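Each remark here refers to the structure printed beneath this line.
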There are 2 protein chains.
Amino acid sequence: MDCVLIVPVTEHERDRTGSDHVSELTTARLSVYLRCIESLDASGVNTISSQGLASQFQLNAAQIRKDLAHFGEFGIRGVGYYVKDLKRHLKEILGLDRSIKVVIIGAGNLGLALADYAGFRQDGFDVVALLDTAREKVGQYSRSGVPIRHARDLDRLVEREKIDIAVVSVPTEAAQETVDGVVAAGVRAILNFSPGSPRVPAHVKLKNMDLTITFESLSFFLANGHVDP
Amino acid sequence: MDCVLIVPVTEHERDRTGSDHVSELTTARLSVYLRCIESLDASGVNTISSQGLASQFQLNAAQIRKDLAHFGEFGIRGVGYYVKDLKRHLKEILGLDRSIKVVIIGAGNLGLALADYAGFRQDGFDVVALLDTAREKVGQYSRSGVPIRHARDLDRLVEREKIDIAVVSVPTEAAQETVDGVVAAGVRAILNFSPGSPRVPAHVKLKNMDLTITFESLSFFLANGHVDP
DNA sequence: CTCTGTGAACCACTTCACAGCA
DNA sequence: TGCTGTGAAGTGGTTCACAGAG
């Protein structure tokens, strides 16, 4: 088994090394905070209090402070947070202070749509390639110019391009083997769009975006959550 | 075999009507259970215990029993659950015992990809139409034949087709007004793909699939979750 | 004075463990 | 016997409330 060894940092310096357990919920909120802060920055706001953030963006002030406290002391008592400062810190915490290389496996409707998703560029995510096995697709390009290459190039691509994240948008029945291949190639973060949750080793982070579950949850709400007039 | 349970109502109200609070986490798991049960059913399995389900699909047995217990007593002590029976119950609980009408607003890459997503048909979700405002798109069809109509038809469509769920895949800046329009048209369940969370009235269920948050969470993991050898 | 950072209280979800039924 | 359904215990995340910095 893998044994997690907690390496003692030289005394008590800031944790950037993921020492303290930070919950997934917290990390998801960090993205939200960053978005809010960027909006404030764009509006020319210089400082903001946790209360100000909370009321403006429908959040909880104490939670903002707690979430940030995991990573250091970014605020000034009596003042709040310097917007530009906090933005920089959040980007660094989220690892967005560099370009993130993404490969999308499966050049079907969804894969192609994702490759052309405009939100990526501006957020520092760089879709390096689409991979597929279909002869007629390989060699083509997505509308925005992402090249489609053969899936067998995965290993080479990951190594040469230092791929950070693999997106899996293949038919359900191919999901597990695709994930296995991605893991074997050395990718440590995977976003899976197939229903179900493929197995991955402990050192790999897998996120599932399960459309079926989402739709069925909405259906549940319609069937149960409500009293018809 | 046929286990006609449940019962005439005793004096006081039973659930089914959303009386007991059922958490979102529970409802998401119901979808998972249904998927597992359908797989077992397809394999010809007749009965399954919570333990069997748990070990086979990487779940927790007590949690399965607790989740199901919110909706009735579907199991047989000493035996487990009849697969066909449980499947029927789960479908009914999730509101999948009828066709769910879906409209997708925004016939961009993502909207078109979603409209053609194969998983829908087999799950009873019926994508009735795509809506868009672009002249050149209106009147066209998605690859699988979903018609693209003008967004101004929303009200009529919702009323005539009894739309259950609206999917919002429009540019970020149009998300809030789109959601407002959908709500005004009388739709009570919305799946939003734009970043951020539009405001909706309390009686409307909104689910956000925020790609940005998801990618940034993966980025966070890469930046913090790991020690490079 | 204002607002952060944080222990403590609170609440929600999960897991345990067992009584009791088939 | 083997299993469900469920109170009780455990865990983790959120909110409160306040000491103390600026």
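Because the structure is a prediction, the values reported are computed rather than measured. In the text below, chain A, chain B and the rest are named by the order of the sequence lines, each starting its count at 1.
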Closest-nucleotide mapping onto DNA chain D: is A:Arg77 or A:Asp67 further toward the 5' terminus? I mean the 5' end. A:Asp67
Both A:Gly78 and B:Leu68 contact DNA chain D. Taking the nearest nucleotide for each, which residue is further toward the 5' end?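 Counting from the 5' end, the first nearest nucleotide belongs to B:Leu68.
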I need the CD-P distance between A:Glu24 and C:dC13, as an integer number of Å. 17 Å
Quickly work out the B:Arg29 CZ to C:dC13 P distance and round it to whole Å. 9 Å
Span of DNA chain D in contact with chain A (heavy atoms, under 4.0 Å):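 In short, chain A contacts DNA chain D from D:dG13 to D:dG22.
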Test item: side-chain donor near acceptor, A:Asp67 and A:Gln63, under 3.5 Å: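 Checked: A:Asp67/A:Gln63 side chains show no N/O donor-acceptor pair below 3.5 Å.
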Would you say that [X] contacts [Y] through its side chain, given a criterion of any heavy-atom pair below 4.5 Å between the two side chains?
X	Y	answer
A:His70	A:Leu30	no
A:Arg35	B:Asp210	yes
A:Phe215	B:Asp123	no

Mark yes or no for whether A:Ser194, through its side chain, and A:Ser169, through its backbone, hold a donor-acceptor pair below 3.5 Å. no
Does A:Asp164 reach the main-chain N or O of A:Lys101 with its side chain, forming a donor-acceptor pair under 3.5 Å? yes
Please determine whether the number of non-hydrogen atoms from other residues, nucleotides or ligands lying under 6.0 Å from atom CZ of B:Arg199 exceeds 12. no
Around A:Phe57, counting heavy atoms of other residues, nucleotides and ligands shown, do more than 12 lie under 6.0 Å from its CZ? yes
So if I take residues 41-66 of chain B and measure heavy-atom distances to DNA chain D, which residues fall below 4.0 Å?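 The answer is B:Ser49, B:Ser50, B:Arg65, B:Lys66.
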Side-chain N or O of A:Tyr81 closer than 4.0 Å to phosphate OP1/OP2 of C:dT2: no
